[in-house]
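Notes follow once the structure below has been shown.
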There are 2 protein chains.
Amino acid sequence: MVDGVRERMIDGAVRLLARQGLQGTSFAEVLQATGTPRGSIYHHFPGGKDQLVAAALDTAGDDTIRGLAGLTGASPAQVTERYLGLWRELLVQSDTTAGCAVLAVTVAARSDDMLDRAATVFRSWRDQLATLLAAGGHPSPVPFATTLVAASEGAVVLSRAERSLEPFDAVAAFLLAEARDIRP
Amino acid sequence: MVDGVRERMIDGAVRLLARQGLQGTSFAEVLQATGTPRGSIYHHFPGGKDQLVAAALDTAGDDTIRGLAGLTGASPAQVTERYLGLWRELLVQSDTTAGCAVLAVTVAARSDDMLDRAATVFRSWRDQLATLLAAGGHPSPVPFATTLVAASEGAVVLSRAERSLEPFDAVAAFLLAEARDIRP
DNA sequence: GTCTATACGAAGATAGAC
DNA sequence: GTCTATCTTCGTATAGAC
């Protein structure tokens, strides 16, 4: 089933994790926010909250990778702009109340399994960006890709704290200027 | 009293917030970790957990500002190196299990008051760095200072997820190269 | 697959003795 | 200032009916 109950629960978990953090998000809230049947959470996620969070991490990771589709042959500046655009859109659409679910889980994770899962997502973003940047002729794709991921994550946090796009836009401007400097 | 019970509680809260997040840190853990008398938490913090967290945010903010002391007249590269060094030291000393308490509070904050407090800390870091960078002759101190704060925060998160210094060091290398490029 | 009811534990907060 | 005891709320998880 494409739009099944399970998928709605996972999507809701991603949204709530990004807004309220790991321990700040309860099953009850996920059910309420998604209008999902109350009795079926442990049917879909017998492993409990950890299993739901794991699925949410994977989904959040895939969503971002999907947001980078169609960039083969793009310049480093275009890649940078697209990636930054994904995060800016999250801030705009949530009125700067949402952040990154993967980051939220990382800072509150209590098991190595959960940390591993988050690390895998971050790593997939870095790898995908580095591949695109290298293909676009960037001379040091790995350090720049890592900085792009790290700075975006941090910039989203700063903007959430201030409830303003100003910090994010300052960081984005700096990174874009860097990417535009590259002449392949 | 300089090393009083109240101060020990606040320092413990900073450490635990940086490791376990906001809702992941309980009063009981703070008391246990600091060997602090059980019955006196509401004596020192009648406003409850929110008041303790607020004090922890202020302390964490001041600690970092203090870490930037003695940099008047320093070059942008020296300022950048010092700031990055503060965060790298946190990762090393905690075996990559600790992060930034202010970030942890921001992503799980449930009140605007708490968000304001975190924003004030981030802003103080940005302002202090921008002032130092400007004094050192950096041509665009504000965007670079903001990127320095954001990228450091994100890099610490990436390194915690991977339990490795590699992501942090990649970001640090990129930022340091940027700062060294500046010729005043 | 979905429901209700309930057990169990954790955490914040308060009251009152010492 | 510090203590213990307790209230209350909330969240996870399980059991068993429909």
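Below, each value reflects all heavy atoms present in this structure, side chains not excepted, and no hydrogens, waters or symmetry copies. Order of the sequence lines sets the chain letters (A, B, ...), proteins ahead of strands, with each chain counted from 1.
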When you measure from the side-chain N and O atoms of A:His43 to the phosphate of C:dT2, is any distance below 4.0 Å, counting only OP1 and OP2?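 False: A:His43 side-chain N/O out of range (4.0 Å or more) of C:dT2 OP1/OP2.
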Is there a side-chain contact between B:Ser40 and the phosphate of D:dT2, meaning an N or O under 4.0 Å from OP1 or OP2?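 Answer yes for this pair, as a side-chain N or O of B:Ser40 is under 4.0 Å from OP1 or OP2.
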Provide, to the nearest angstrom, the distance between the [atom1] atom belonging to [X] and the [atom2] atom belonging to [N].
{"X": "A:His44", "N": "D:dA13", "atom1": "NE2", "atom2": "C1'", "answer": "17 Å"}
{"X": "B:Arg110", "N": "C:dG12", "atom1": "CZ", "atom2": "P", "answer": "14 Å"}
{"X": "B:Phe45", "N": "D:dT2", "atom1": "CZ", "atom2": "C1'", "answer": "15 Å"}
{"X": "A:Ile41", "N": "C:dT4", "atom1": "CD1", "atom2": "P", "answer": "14 Å"}
{"X": "A:Tyr42", "N": "C:dA5", "atom1": "OH", "atom2": "C1'", "answer": "15 Å"}
{"X": "B:Phe27", "N": "C:dT14", "atom1": "CZ", "atom2": "P", "answer": "10 Å"}
{"X": "B:Arg38", "N": "C:dT14", "atom1": "CZ", "atom2": "P", "answer": "15 Å"}
{"X": "A:Gln32", "N": "D:dC10", "atom1": "CD", "atom2": "P", "answer": "12 Å"}

So does A:Arg66 pair up with A:Asp63, basic N to acidic O under 4.0 Å?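 Here A:Arg66 pairs with A:Asp63 in a salt bridge, since their nearest N and O are under 4.0 Å apart.
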Heavy atoms under 4.0 Å, any strand shown: does B:Thr36 hit a base, just sugar-phosphate, or nothing?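 It contacts nothing in the nucleic acid.
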On DNA chain D, compare the nucleotides closest to A:Gly39 and A:Leu22; which residue's is nearer the 5' end?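 This one resolves to A:Leu22.
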With ring centroids as reference points, do A:Phe45 and A:Phe27 lie under 6.0 angstrom apart?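 Between A:Phe45 and A:Phe27, the centre distance exceeds or equals 6.0 Å.
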Working to the nearest 0.5 Å, report the span between CG of B:Leu90 and CZ of B:Phe168.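 If I round to the nearest 0.5 Å, the distance is 9.0 Å.
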Whether the A:Thr106 and B:Arg160 side chains hold a donor-acceptor pair (N or O, under 3.5 Å, no angle test) is what I'd like checked.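 No.
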